[in-house]
Amino acid sequence: MEHFITGTWMLFGDLEALFIFVLGLLGGMFFGAIPGVNMLTLGAVILPFTISMEPTHAVMLYSVIYCSGVFGGAITAILFNIPGAPENAPTCFDGYPMTVKGMAGKAIGAAVCCSAIGGVCSALLMMSATGPIANWAIRAFGSQEIFALIFFGLAVSASIGSANLWKGWLSVFAGLLLATIGTDPVGGIPRFSEWSILNWEYKSYYLSAGLHFIPMILGFFAVSEVLVQATAISSGTRQRMKASMEFPSIVEFWKVRYTMVRSIFIGFFAGILPGIGATLAAFLGYSQAQKWSSRKAYFGKGEMEGVVASETANNAATGAAMIPLLALGLPGGALTAMILGIFQIHGMEPGPLIFMNSNDLVWITFAAMFWANLLIVMLGWIQTKTVVHVLRIPFRYLAPIILLLATVGAYALRNLMIDVWIMFFAGILGYFMRSTGYSPAGIILGLILGNLGESAFSKSMQLMNYDFMGFFSRPISGILLALGGLAIISSIWTEIRTSRSPQSAIKRTDN
Amino acid sequence: MRIKHIAAYCLGLFLMGSVASHADTMVTPPDGFGKRPLTMIVPFGSGGGSDQLARAMAKAMGEVAGLDFQVVNKPGGGGTSAIPDFMLAPADGYTVLEHIDNAISAYAAGDISENPAVDWIPLCMTQITFSQIYIRGDEDRFTDWASFEAHAKANPGAVSMANLGKIGSMELVVMDQLQSALGIEVNQIAFDKPAERYGALIGGHVDVLFEQPGDVRSFLDSGEMKPILTIFGERPSAFADVPTHKEVGADFEALTRFRGFYVKNGVPDEIVAFLSEACAVGFNTDDYQEFNRSKYMHLIDSFRDTEGSIALINDAVKTYQDMYKILGIGN
């Protein structure tokens, strides 16, 4: 507590620190809220400037960007069906239908409050026990457990966002297949980057890097959304969306309290594990909310609980992701890797010693993340009243802007032109997938978790001397794999049963 | 008339200014070169080791030669994704590539067709380091190399080592040399993300780690890891109590990890000479030396000029190709 007050005092008592804090808060939110660019773009752009900053300020800046950027991505997900980052993808499922129904204000309001609650809770947990949590996680979770968790995540989340279970799984499998492009995680053997068809040789160093998920997201969501809207406009079926500014009431939040608490735990847990992070947290939070909700049937059609579930979980993962970074020097994602870089640029290394050597830095960062999450509510409330007006801009002006920003965002990722081509290709593919009931979000989930899962699986197999049963000799991995298996069997059973009942036939024709 | 006076005065000031700015720099560029910013391509992500090196060197070369660099990260494919864009840039010296010894092993294995000593011109190497084998600080089954070797011999194949997995990588080649020289068998676990290996060692999921000291400095300082073997010709003073591979009976010339800067072949000689000199003078600036110290890059001689770099690359290519023949890798 004493440390927290000192940290807060250092933050608000120092004009320069406060200025950087506000800049990070607004910058993260702004970059997160523009389709195409995101907090990573901002992070990469300002990295050179951090060299001349004090290390305390630089690390604080990035942690603030992390908090507000994850929230900012929800706004475009809700307003345009374009998630700012993969962790905002499940927010689209209910957030966008709410906008279509004229409830954009409510959806953004829910996202704002839940991001803040998730973030604050995770900041509190982080402040109370970073060291012990990090040490527990690193010992309890080896490759076997990480693989089992990913398997479990895929098993319970596979069908969300698609017309039925089979199409959901097919989408995820397509994502898993795409994840195999590029060099393999064990031997570095090139896959699908060299072909030879009828004397025509093709070899690409570019493809050896694999497909990155950011151009895929931009394609599947941003480009395909523009195509979907364009079709609707040309066929005269597009409805103009009503820009409402109504904020959700406390009663509405009270109704979803269990979902919130569940998502906080899911988000925190997934965030601690290096490399797993916010994306799996958001998908798991959403799928579990749907499973336990009494209004299951309304999910995907504009149910506020869906937005609550995914936004609470992804922000809860932000604080947790700082734990392995600060306590062990292990970055979990792209932005935490940049923070590691900032430490190193200043000749410091995060790790167990940081709590002894740089106590100031740790606590100003913790305090900044706590206050950033609280301030999200205030800024978000203002945003709710203002940003929904973007919906009043005619789509024919908005569409080229979205495409332009998406192109810039895809290129800026690695400065490689191939990412732009991949984005447009994914956009066209996404257009046809959406009109046939397949799930672009499922492909993204498969792509991201496929990369992580394959790497964890191959390491596990090497560690267990290629004995698959070894997974079941470890309690955590055994339980997670068994639960995942059960989830698959029960979802297939439910799907078969409901597709045979006459009611579902009526429901299908409605869709 | 007055306006003319003012104009002449301004021009004079401008000329003095430009003369002064040239006098500040220690290395003078050939006529007309360096008037616009140069591009430095980094084949790895923002904030990583290569990115930090590129930015530190860009700053040092800016200081000593008045050059202005735009650092561009093109990560992916273990550093290969950046190569096509580098090869497409005109050979005018305005595009500099930072790369590591991965490019050399990739060429030796036939993964890339560009020979870094022929198709590219190395300007300089500014980071050269050696590898070590690490155990947990609180490990009690073995505490030094002798007890580790005894343990590994008693349990062949049961000891696991976290390593970077690409077939034919420096790590795996060195470990193959070490294992066959000493007759031990260590289960190499291939990791694709460098930092995951540190967690795997500290968390107790593997027994030993193969790495360079600069990358695990924080764990060494905190006592969570300790080195039991240095893979280098002599004992660096910072690790005076750790035996070298030759001392424990493995007689081979150790491959090193090195990072340096390249331009494309075809860049005019005087520009290559200028950039190479700028790199050498930049290497000796206080800021750059401080940077290398923070990375543990001052423990052994970390600098090679163009000639020295070519020799280093050619030696490495030969070692890799010889080892690949024995191991049956590549073409």
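Note on naming: letters A, B, ... go to the chains in the order of the sequence lines (proteins, then strands), and numbering restarts at 1 for each one. It should be emphasised that the depicted structure is a prediction, and the values quoted were computed from it without experimental measurement.
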Pair up each side-chain donor or acceptor in residues 38-45 of chain B with any protein partner under 3.5 Å, not counting sequence neighbours, and list the distances.
none

Counting only heavy atoms not in B:D286, do more than 12 fall under 6.0 Å of its CG?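 At most 12 heavy atoms, drawn from other residues, nucleotides or ligands, come within 6.0 Å of this atom.
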
**Item:** Heavy atoms of other groups near B:K226 NZ, more than 12 under 6.0 Å
**Value:** yes

Rounded to the nearest 0.5 angstrom, the CG-CG distance for B:D85 and A:L416 is 6.0 Å

Gap separating the CG atom of B:N163 from the CD atom of A:Q462, nearest 0.5 angstrom
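Nearest 0.5 Å value for the CG-CD distance: 10.5 Å.
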
Taking side chain as everything from C-beta outward and backbone as N, CA, C, O, which of these in [X] sits under 4.5 Å from a heavy atom of chain A? Side chain, backbone, both or neither.
{"X": "B:T80", "answer": "both"}
{"X": "B:E290", "answer": "neither"}
{"X": "B:D221", "answer": "both"}
{"X": "B:N187", "answer": "side chain"}
{"X": "B:K295", "answer": "side chain"}

Let me know if [X] has heavy atoms under 4.5 Å from chain B in its side chain, its backbone, both or neither.
{"X": "A:N465", "result": "side chain"}
{"X": "A:F343", "result": "neither"}
{"X": "A:L207", "result": "neither"}

Closest contact, heavy atoms only, [X] versus [Y]:
{"X": "B:H205", "Y": "A:R139", "result": "CE1-O, 3.1 Å"}
{"X": "B:V206", "Y": "A:L463", "result": "CG1-CD2, 3.9 Å"}
{"X": "B:A190", "Y": "A:K459", "result": "O-CG, 3.3 Å"}
{"X": "B:K74", "Y": "A:N415", "result": "NZ-O, 2.7 Å"}

Would you mind telling me which of B:R217, B:K59, B:E114 has the largest number of heavy-atom pairs within less than 4.5 Å of chain A?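 Max contact count across the listed options: B:E114.
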
